[in-house]
Protein chains: 2
Amino acid sequence: MLLLLNLIPTKNASMKIKPLLDYIRKYVDLTQEEEAILTSKVIFRKYLKGQYILQHGDVCKYQCFVISGCTKTFFLDDEGQEHIILFSVEDWWTSDMGSFITQTPADLNVQCIENTELIMFPIETTEELYDKIPKLERFFRKIIERGLVATQKRLIRNFSLSAKDRYLYFKNQYPDIEQRIPQYMLASYLGITKEFLSKIKSQLLLED
Amino acid sequence: MLLLLNLIPTKNASMKIKPLLDYIRKYVDLTQEEEAILTSKVIFRKYLKGQYILQHGDVCKYQCFVISGCTKTFFLDDEGQEHIILFSVEDWWTSDMGSFITQTPADLNVQCIENTELIMFPIETTEELYDKIPKLERFFRKIIERGLVATQKRLIRNFSLSAKDRYLYFKNQYPDIEQRIPQYMLASYLGITKEFLSKIKSQLLLED
DNA sequence: AAAACATGTTAATCTAGTTTAACATTCAGT
DNA sequence: ACTGAATGTTAAACTAGATTAACATGTTTT
């Protein structure tokens, strides 16, 4: 019975793709035909907690939209230290853009820290999709613009805020994410050690 | 005589815009008509050393391509400390993308640290330009993708490299820029104090 | 040529954040 | 219920980089 249901891809796909279409609608208006073309060109996929969507050294073949779950994007420095640069939850994107646009081996790793459902845009169909649906190119331009601004602001925060203020900013900006991830991963994201994050939190508890 | 020459805008413009057209050609191929439309929609402007192209609090109305000269993009933190996030020289871009895309007051300042010649893309004609020349939207998508990757890599470097290694990276990546800017600005860009940069440089001199 | 200002150096003291290591706690697997 | 692995806390010693301040050099302005 379950197997049978899996043989009806369009119905299945049209339900799963809803979060993405809702998201796209905030930026551009697609016709029903355009939505159908889009649906036919993307890939739905589930990963289990711990699985890698992208591994350092592999060429990044997809830009991924997260339907459910949570991923961490990180790299390992020369000492093998893990540095998390992004958590992606529902309605966020993940990939190694550098690897994707140049089709060279990735510096970054993307690993699921929860069971995760994704919609993947394969590199082979991306240009075709832009040609067929110029509005999608506009959409991607806009979200990449926003991505650039967000990254720039993060850079600024790292320059100008103390570790404590970066933690408070994160807590305030993404109140739900803190509950979903281990503290040592948050410490890595904030650019500090887990011990120091622990110290910051106990200091904050004393303050009020 | 000089005045007379200035009355021939097209010829003037067609000479000045060459560096931009050469730059665009690396990403997309424009027809002669498209190049002419582009030329008619952008603004050429010169600034003197010290002048501001954008000031914190103003809404950013332009994305600027640098033909000659050098600008610094910076912000002031709560203590009034200046943090430089970008130097833009020939063939680089500058603006406050966050302010530009949302048309809200800028966090950033852009100031010329040399006499600087720019080509400015005004916000009012940008969408029109994208509609008339979809290849330009592709062009901007591509350069913004590259901008995002560069910013992300800078974030990674700030997390994983020591001040010394960040300095060496800069020196290696932009050997000519170091000669054009005062050390205290480079220190600000690297996220360290000018005194510490001075120490790093004297340490490096001792090393070999 | 002097004054004034911008930039650079050196060195002492200070601090934010790291490292190490010992000990709790939580939670999954048997 | 027991064990081991993953995660979290605390505290001491340590280090990268900041701060302050005194002095040096260079470059505009008058």
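Each chain gets a letter, A, B and so on, in the order the sequences are listed, and its residues count up from 1. As the structure is a computational prediction, the values presented were derived from the model and not from experiment.
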Residue from B:Tyr130, B:Phe65, B:Phe140 passing ring-ring contact (aromatic ring centres under 6.0 Å, His included) with B:Phe121
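Only one option passes, and that is B:Phe140.
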Round to the nearest Å and state the distance from [X] atom [atom1] to [N] atom [atom2].
X	N	atom1	atom2	value
A:Met185	D:dA6	CE	C1'	10 Å
B:Glu79	C:dT15	CD	C1'	14 Å
A:Leu206	D:dT9	CG	C1'	13 Å
A:Ile200	C:dT15	CD1	P	17 Å
B:Tyr184	D:dA18	OH	P	17 Å
B:Gln203	D:dT15	CD	C1'	13 Å
B:Leu161	D:dG17	CG	C1'	16 Å
A:Arg180	D:dT7	CZ	C1'	19 Å

Which is true for A:Phe196 with a 4.0 Å heavy-atom rule: it touches a base, it touches only sugar-phosphate, or it touches nothing?
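Since a base atom lies under 4.0 Å of A:Phe196, the category is base.
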List the protein contact pattern of nucleotides 20-30 of chain D with one symbol per nucleotide (5' to 3'): B for base contact, S for sugar-phosphate-only contact, - for none; contact means a heavy-atom distance under 4.0 Å.
BB---------
Can you check whether [X] has a side-chain N or O nearer than 4.0 Å to OP1 or OP2 of [N]?
X	N	result
B:Ser198	C:dG8	no
A:Arg166	C:dA16	no
A:Ser202	D:dT10	yes

Just so I know, are the side chains of A:Lys41 and A:Glu124 near enough to count as touching, which here means a heavy-atom distance under 4.5 Å?
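They are not in side-chain contact.
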Looking at B:Tyr167, is B:Lys164 sitting on its ring face, NZ or CZ under 6.0 Å from the six-membered ring centre and within 45 degrees of the normal?
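Negative - B:Lys164 is either too far from the ring of B:Tyr167 or too far off its axis.
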Taking the nucleotide of DNA chain C with the closest heavy atom to each, which residue, B:Pro182 or A:Leu197, is nearer the 5' end?
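The 5'-side residue here is B:Pro182.
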Is it the case that the ring center of A:Tyr62 lies less than 6.0 angstrom away from the ring center of A:Phe100?
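No, the ring centres sit 6.0 Å or more apart.
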Assess the pair B:His83 and B:Phe75: is the distance between their ring centroids shorter than 6.0 Å?
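Yes, ring centres under 6.0 Å apart.
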Side chain of B:Ala163 - closest among C:dG8, D:dT9, D:dG17:
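Between C:dG8, D:dT9, D:dG17, the one nearest the side chain of B:Ala163 would be D:dG17.
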Tell me which nucleotide among D:dT7, D:dA18, C:dG17 gets nearest to the side chain of A:Ile192.
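Out of D:dT7, D:dA18, C:dG17, the nucleotide with an atom closest to A:Ile192's side chain is C:dG17.
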Specify whether B:Phe139 and B:Trp93 have parallel, tilted or perpendicular ring planes, treating 30° as the upper limit for parallel and 60° as the lower limit for perpendicular.
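It falls in the tilted class, 30° to 60°.
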Could you please spell out the steps behind the side chain to side chain contact (heavy atoms under 4.5 Å, CB included) verdict for B:Val89 and B:Ile177?
CA-CA 8 Å; B:Val89 294; B:Ile177 296 186; 4.2 Å; yes
By nearest-heavy-atom nucleotide on DNA chain D, the more 5' of B:Lys199 and A:Lys201 is A:Lys201
